[in-house]
There are 2 protein chains.
Amino acid sequence: MTAQVLNGKKTRGSGVDIIQVAQCAGVSPATVSRVTNGRSTVAKHLAKKVWRAIEELGYTPNPQARALVSGRSRVLGLLVSEITNPFFPELMQNFEDVAGKHDFEVMVGSTNYNRERAKIFIRRLVQRRVEGVAVMTFRAESHFLDELIAENIPLVTIDVSADAARSLVLEVDYAQGIDEAVQHLALLGHRWIGFASGPMPHLTNVRRKDAFVRAAKRIGLAAEKAPVFVGDHTFEGGTQAALYFLGLKPRPTAIVCSNDMMAVGVLRVMAERGIQVPRDMSVIGFDDIHLAEFINPPLTTVRMSRQELAKAAFHGLQQLWTEKSPGSRNAIHVGTRLVVRQSTDSPREAAEALPRKPRVRKARMRPVLA
Amino acid sequence: MTAQVLNGKKTRGSGVDIIQVAQCAGVSPATVSRVTNGRSTVAKHLAKKVWRAIEELGYTPNPQARALVSGRSRVLGLLVSEITNPFFPELMQNFEDVAGKHDFEVMVGSTNYNRERAKIFIRRLVQRRVEGVAVMTFRAESHFLDELIAENIPLVTIDVSADAARSLVLEVDYAQGIDEAVQHLALLGHRWIGFASGPMPHLTNVRRKDAFVRAAKRIGLAAEKAPVFVGDHTFEGGTQAALYFLGLKPRPTAIVCSNDMMAVGVLRVMAERGIQVPRDMSVIGFDDIHLAEFINPPLTTVRMSRQELAKAAFHGLQQLWTEKSPGSRNAIHVGTRLVVRQSTDSPREAAEALPRKPRVRKARMRPVLA
DNA sequence: TATAGTCCGGAAATCGATTTCCCGCAAGTC
DNA sequence: GACTTGCGGGAAATCGATTTCCGGACTATA
């Protein structure tokens with residue numbers, strides 16, 4: 001399509017420059033530039049000729065030249081914490097899609113919880129002159145970002161505000177989804193629910209945990225303090241949490257997890273111990289990663305929409321670009337909500353007491369333990 | 001670090017240009033350029049002064065300007081087929097790491113098996129003047145790449161050669177790992193093994209299937225043709241394959257899958273039907289995605305190393321850059337190998353006939369079906 | 001009709017590097 | 001001692017756009 005034959009010689013898209021287009025259209029390069037950028041007002045008949053010439057030659061402006069003079073690279077940075085957690089690839093794709101629609105490219109980097117990796121990546125961002133960065137690491141490792149702040153690069157973060165002029169926070173409403181989760185369990189008859197939290201110094205994890213504790217209190221589920229296990233936001237963290245709750249007496253009849261990877265770890269321990277989910281133990285995750293649907297049993301979880309998050313991050317950056325005064329520090333709100341699948345059910349005792357309501361569910365393995 | 005105070009005013013890394021460095025070092029801009037690029041021979045004492053000036057001012061060359069004049073953007077493209085298959089994020093990260101070490105940035109795009117998405121992404125690659133593209137889609141959808149080929153952009157593909165001058169193929173040795181898998185099953189006592197194949201027109205799937213059929217024949221496992229189900233390379237494809245094999249009589253005692261996502265689908269069906277893996281059915285995957293380790297039971301699978309693949313792809317591009325004659329069309333070899341976990345065991349009958357060897361395995365659910 | 005105000009579009013400066021061209025100096029050769 | 005050779009490094013052209021500046025034409029107003 002792009003490659004065309006003109007004057008008998010093949011002209012490649014990237015071999016055509018603005019001067020050739022200008023000559024072909026019979027105008028000056030400045031006019032071509034004005035047309036391609038929608039600048040000021042160019043007479044309609046001239047604009048038409050320019051577009052025709054562009055089409056004919058298969059011209060695409062050289063982004064390097066464009067960036068050099070305009071100072072705008074049209075590249076954004078996206079920092080995530082671990083690529084093997086499926087939450088992040090999906091977020092990446094959504095962010096790239098939004099950015100792409102606005103003619104931005106995205107440099108993605110995964111810290112893998114490694115301070116040095118993050119530093120190196122951020123240096124690359126600065127060197128490439130990105131126009132904005134979305135930090136989606138759910139972490140408050142402040143001085144990661146010092147270099148970006150020093151360069152006055154627009155910054156969007158999650159949960160915890162970067163203390164910088166051109167920055168903005170995405171406030172995720174964890175309470176919304178977690179309230180739904182706890183209510184869902186309460187309705188099923190659960191009265192003693194454990195919470196598997198992520199590492200505690202991190203604000204995002206504090207918020208998730210607090211949301212759970214408040215929800216539990218509000219429902220009046222347990223007179224005593226709801227049992228909380230503080231672990232890692234990983235598969236292993238989940239297995240540890242599961243072992244902890246199984247050792248408790250009375251043993252909780254349900255576990256709410258701070259993210260899906262932990263829930264997957266919990267499910268593994270339950271399977272190994274022959275504890276039937278959801279009959280003997282209900283499990284709820286957080287994130288709604290793709291995998292949640294595929295695991296056994298399909299995981300009931302709180303969805304934090306990757307698409308919504310990605311859009312919010314991009315719009316946050318847009319806001320920072322247009323906004324004159326770096327004063328209006330309004331956070332952007334991102335909701336969460338419960339997705340019910342098959343890892344939750346009435347606890348055993350309640351299920352026997354209550355009339356068994358018909359549920360759409362495939363045949364499952366017979367329970368083994370008491 | 002980068003931001004320094006000089007002459008009383010704060011100088012940002014991206015605010016310093018080569019001329020200031022030249023003045024600071026008392027040389028010409030040309031010399032600075034020569035030093036930063038390691039060009040020709042600059043007197044040691046001058047080079048030292050230049051480096052000192054660079055350090056002091058926190059200078060980083062403007063990549064746009066550099067790219068503009070040199071014609072080298074130092075950006076690569078990476079095309080994958082679906083971001084939700086964990087194989088690809090891991091591949092992406094590895095590729096970015098290798099590329100980053102050589103000062104390249106990477107534009108990643110996921111086609112999601114959507115022709116239009118691929119087209120759009122490739123157009124973006126061309127517009128950004130990438131210096132090379134790695135197409136890791138395991139697909140032969142040839143005319144995706146026409147635009148790249150027209151621009152004469154170096155191209156590395158998997159399995160199937162792009163019919164272009166500056167291109168190179170990564171030949172994955174499927175047979176290696178699949179032979180190991182079949183032998184492993186044979187040693188466990190399996191004699192009737194099903195193969196869940198991916199969609200058939202695609203060369204990569206043909207190769208995987210052929211490798212299986214040959215391995216099965218070579219071992220002399222079954223007098224008759226080994227049963228093959230042709231499905232989709234997805235979770236759903238796996239569930240369909242499982243249902244097919246369960247309907248067969250005699251029912252296979254093991255299923256080898258063309259990728260891990262299918263294997264995950266198979267495991268789901270088995271769990272729903274109460275069929276115990278590995279006691280009643282052994283399952284082997286292909287890829288060794290991260291998830292394979294976390295699913296129940298941990299999946300025995302053939303590992304195709306993402307790191308090896310990423311390195312091979314990058315080195316392939318390097319080869320295409322240096323190589324003068326576009327003649328030496330030597331493919332690059334990438335190996336595979338079996339990783340034994342807990343989804344394979346002796347089939348029930350054989351297990352009872354043979355003396356039960358002790359295996360390290362956690363407690364599992366009691367088998368339910370015959 | 002004269003003058004001010006608008007609008008359009010061309011000429012040229014600019015962004016920040018790389019790279020070519022060329023000159024001067026020092027070393028080597030006869 | 002004169003001439004060649006080689007090498008280090010400065011001046012200036014170059015990449016391909018955007019953007020400023022400015023002049024000419026056209027319209028509106030008195």
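Everything numeric here is computed off the predicted structure, so don't read it as measured data. Below, read A as the first sequence line, B as the second, and so on, with proteins coming before strands; counting in each chain starts at 1.
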(request) Using whole Å, report how far CZ of A:Arg66 lies from P of C:dA17. (result) 21 Å
(request) Name the nucleic acid region contacted by B:Ile19, choosing base, sugar-phosphate or nothing; use a 4.0 angstrom heavy-atom cut-off, strictly under. (result) nothing
(message) Tell me the interatomic distance from A:Leu68, atom CG, to C:dT18, atom P, rounded to whole angstroms.
(response) 12 Å
(request) State whether B:Asp97 and A:Arg117 are salt-bridged, where the test is any N-O pair (Lys NZ or Arg NE/NH1/NH2 against Asp/Glu carboxylate O) under 4.0 Å. (result) yes
(message) So, OP1 or OP2 of D:dG16: does either fall under 4.0 Å of a side-chain N or O from A:Tyr59?
(response) no
(request) Please report how far the helix from C:dT1-D:dA30 to C:dC30-D:dG1 bends, comparing the axis fitted to its first five pairs with the axis fitted to its last five, to the nearest 10 degrees. (result) 40°
(request) Starting from C1' on C:dG16, measure out to CD1 on B:Ile18 and report it in whole angstrom. (result) 8 Å
(request) Check B:His315, B:His333, B:Met136 against B:Leu170 for a side chain to side chain contact (heavy atoms under 4.5 Å, CB included) and give me the one that passes. (result) B:Met136
(message) Within the structure provided, determine whether A:Leu76 and A:Val130 are in side-chain contact (heavy-atom separation under 4.5 Å).
(response) no
(request) Determine the minimum heavy-atom distance between A:Ala162 and A:Leu155, stating which atoms define it. (result) CB-CD2, 3.8 Å
(message) I need the NE2-C1' distance between A:His45 and C:dG9, as an integer number of Å.
(response) 11 Å
(request) Compare every heavy atom of B:Val156 with every heavy atom of B:Leu320, then report the nearest pair and how far apart it is. (result) CD1-CG2, 4.2 Å
Using the 3.5 Å cut-off, write out each protein N or O paired with an N or O of nucleotides 19-21 of chain C and the distance between them.
from: C:dT19; atom 1: OP1; to: B:Arg72; atom 2: NH2; distance (Å): 2.9
from: C:dT19; atom 1: OP2; to: B:Arg39; atom 2: NH2; distance (Å): 3.3

(message) Counting the atoms with a prime plus P, OP1 and OP2 as sugar-phosphate, which does B:Val32 contact under 4.0 Å by heavy atoms, base, sugar-phosphate, or nothing?
(response) nothing
(message) Expressed as a whole number of angstroms, how long is the span from A:Gln23:CD to C:dG10:C1'?
(response) 14 Å
(message) Donor-acceptor pair, distance only, cut-off 3.5 Å: does the side chain of A:Trp321 make one with the backbone of A:Glu131?
(response) yes
(message) So, applying side chain to side chain contact (heavy atoms under 4.5 Å, CB included) with B:Asn94, which one of B:Glu308, B:Lys311, B:Gln307 is it?
(response) B:Gln307
(request) Nearest whole angstrom, please: distance from the P of C:dC7 to the NZ of A:Lys44. (result) 14 Å
(message) Just the rounded figure in Å: distance from C1' of C:dC15 to CG of B:Asn62.
(response) 8 Å
(request) Determine, stepwise, if the pair A:Phe138 / A:Phe87 fulfils side chain to side chain contact (heavy atoms under 4.5 Å, CB included). (result) CA-CA 12 Å; A:Phe138 296 93; A:Phe87 181 82; 3.9 Å; yes
(request) Could you check how far CZ of A:Arg74 sits from P of D:dA17, rounded to whole Å? (result) 16 Å
(message) Under a 3.5 Å cutoff, is there a donor and acceptor pairing between the side chains of A:Arg66 and A:Asn37?
(response) yes
